[in-house]
Amino acid sequence: TAYEIMPSLVGSEMCIRDRIIVRFKAGIPQEEIERFNAQNGVVELLNTPYFTRLRLPDGASVQEFVRKYEESGLVEYAEPNFVAKAYFVPSDRYYRYQWNLNDPDNGIDVERAWEISTGEGVIVAVLDTGVAYEDYGDYRLAPDLARTRFVPGYDFVNDDPHPNDDNGHGTHVAGTIAQSTDNGEGTAGVAFNAAIMPIKVLDKSGYGNYADIARGIYYAADHGAKVVNLSLGGSYPSKTLENAVAYAFNRGAVIVAAVGNDHLSGNPTSYPAAYDQYVIAVGATRFDAVSYTHLRAHETRH
């Protein structure tokens, strides 16, 4: 399962219409930054230690303002705030059908792995649409996560400490990783004794942006995640995203990201999976070892 840059919310720009991300150079006086922003009608929406998110004037061109900030001498980089959306997600209900877990030839042979470890002591950050991990307001704990251990996460879409899932994809991903196992319900998780850190970076429609994803990666790294799962990706490289995965990597986290469901249909590997370092890129095969993406490419051609 993975995410890709959506065809467009804003025409050919494939990014949020009135937003850019910049990283101001160290040592630039704040007054100079504020003066440049004001001269250009730009409003600072978010200032983190790692990047700043800016809102552009109505009708402004993203590309024009990226160029304007790059040429200002004030920034290390400026770039659009790209947008992402969800791929198709399959639904498995019973362990005996989970060939991908228990098939020693075409799956991951998880039963042998369980003899070594079931994930105990490891925190896995799931950056996604949230997770059905608690009873809170209108949200409910997913039954097959009842025995799963959770650590506090964060909702970067709504900026609150309750990263509940209003889409379903994040719960599916969290369940694949660590849903309650050997409990007579549903399916098995790969590392069912690991703890899940739910981090919501995608909204109820499955859409998100690079700035929120990067904030989620920094949060995971700073709060003890040993694995950062990114079942998401985009078509464009980004300094904001690359800096975030580099930060997590350098703090000892293993970062795993999807190459993209349409990889062999002619599309390049998604980012952040496409980076030459920091990230383990993951693809998928079918039950008979045929690449799922290759199968889709074949069907498309015929």
Side-chain angles (χ1 to χ4, degrees), residues 1-3 16 19 21 45-51 53 81 83-86 89 91 119 121-181 183 185-186 189 191-232 240-241 244-245 247-248 251 253 255-257:
T1 60
Y3 287 72
I16 298 179
R19 304 284 194 275
I21 306 171
L45 293 180
L46 174 72
N47 186 8
T48 78
Y50 314 108
F51 63 86
R53 181 162 49 187
N81 191 8
V83 187
K85 81 165 191 175
V89 178
S91 178
V122 177
I123 296 174
V124 181
V126 176
L127 276 68
D128 217 288
T129 58
V131 178
Y133 75 104
E134 65 172 350
D135 292 335
Y136 177 77
D138 293 332
Y139 296 103
R140 294 293 177 266
L141 170 68
D144 209 17
L145 295 177
R147 297 184 186 177
T148 301
R149 190 165 77 88
F150 292 94
V151 298
Y154 197 80
D155 180 344
F156 287 97
V157 175
N158 301 297
D159 277 318
D160 66 54
H162 294 280
N164 290 289
D165 190 357
D166 48 12
N167 173 279
H169 186 273
T171 300
H172 169 80
V173 171
T176 300
I177 296 168
Q179 65 190 303
S180 306
T181 300
N183 63 344
E185 289 192 42
F192 50 85
N193 280 324
I196 296 293
M197 178 188 293
I199 300 178
K200 183 174 175 64
V201 295
L202 301 166
D203 66 17
K204 64 182 178 181
S205 299
Y207 291 92
N209 61 76
Y210 278 20
D212 286 344
I213 294 167
R215 292 169 71 200
I217 294 170
Y218 284 115
Y219 179 95
D222 287 339
H223 289 81
K226 295 302 181 185
V227 179
V228 178
N229 186 85
L230 296 156
S231 291
L232 52 83
T240 302
L241 201 57
V245 294
Y247 180 86
R251 290 183 68 88
I255 303 106
V256 183

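For this chain, numbers begin at 1 and follow the sequence in order. Just so it is clear, the values below take in all heavy atoms, side chains as well, and ignore hydrogens, waters and symmetry mates.
Of all the heavy atoms in Met197 and His223, the pair that sits closest is CE-O, 3.3 Å. For the pair Ala191 and Gly119, the tightest heavy-atom approach, listed with the atom from each and the gap, is CB-CA, 4.1 Å. What you find for Ser231 and Asp128 is that their closest heavy atoms are CB-OD2, 4.0 Å. For the pair Pro163 and Tyr154, the tightest heavy-atom approach, listed with the atom from each and the gap, is CB-O, 3.4 Å. The minimum heavy-atom distance linking Ala194 with Val124 is given by the pair CB-CG2, 4.2 Å. Shortest non-hydrogen contact noted between Ala125 and Ala220 is CB-CB, 3.6 Å.
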Start with the C-alpha distance between Ile199 and Val126, add both sets of side-chain angles, then the distance that settles side-chain contact (heavy atoms from CB on, under 4.5 Å), and finish with yes or no. CA-CA 6 Å; Ile199 300 178; Val126 176; over 6 Å; no

Start with the C-alpha gap between Leu145 and Val131, add the side-chain angles, then the distance that decides, and say whether side-chain contact (heavy atoms from CB on, under 4.5 Å) holds. CA-CA 10 Å; Leu145 295 177; Val131 178; 3.8 Å; yes

Before you tell me yes or no, could you show the steps for Arg149 and Tyr133 under side-chain contact (heavy atoms from CB on, under 4.5 Å), namely the whole-Å CA-CA distance, both residues' side-chain angles and the distance that decides it to 0.1 Å? CA-CA 9 Å; Arg149 190 165 77 88; Tyr133 75 104; over 6 Å; no

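With hydrogens and angles ignored, the 3.5 Å screen pairs no side-chain donor or acceptor of Thr129 with any backbone N or O of Asn167. The backbone N or O of Tyr207 lies less than 3.5 Å from no partner atom in the side chain of Ser205, so there is not a single donor-acceptor pair. Under a 3.5 Å cut-off, the side chain of Thr181 and the backbone N or O of Gln179 do form a donor-acceptor pair. With hydrogens and angles disregarded, no donor-acceptor distance shorter than 3.5 Å links the side chain of Asn158 to the backbone of Asp160. Without hydrogens or angle criteria, Thr240 side chain to Ala211 main chain gives no donor-acceptor distance under 3.5 Å. Without hydrogens or angle criteria, Asn81 side chain to Tyr210 main chain gives a donor-acceptor distance under 3.5 Å.
A heavy-atom distance below 4.5 Å is found between the side chains of Pro198 and Phe150. Val157 is not listed as a side-chain neighbour of Leu202, based on a closest heavy-atom distance of 4.5 Å or more. In this structure, Asp222 and Arg251 have side chains that are in contact, with non-hydrogen atoms separated by less than 4.5 Å. Residues Ile255 and Leu230 form a side-chain contact, since some pair of their non-hydrogen atoms from C-beta on lies under 4.5 Å apart. In this structure, the side chains of Asn209 and Ile213 stay at 4.5 Å or more apart for every pair of heavy atoms. The closest side-chain heavy-atom distance from Leu127 to Arg215 is not below 4.5 Å.
With respect to Tyr247, the ring pair (Phe, Tyr, Trp, His ring centres under 6.0 Å) criterion is satisfied by exactly one of Phe51, Tyr219, Tyr218: Tyr218. Across Thr148, Val256, Ile196, a single residue satisfies side-chain contact (heavy atoms from CB on, under 4.5 Å) together with Ile177, and that is Ile196. For the pairing with Lys200, the salt bridge (Lys or Arg N to Asp or Glu O under 4.0 Å) check across Asp166, Asp155, Asp165 returns one residue only, Asp166.
The CD1 atom of Ile21 lies 7.0 Å from the CZ atom of Arg53; values are rounded to the nearest 0.5 Å.
Pairs passing the side-chain hydrogen bond (donor to acceptor under 3.5 Å, both in side chains) check and including a residue from residues 135-145, sequence neighbours excluded, read Asp144-Asn183.
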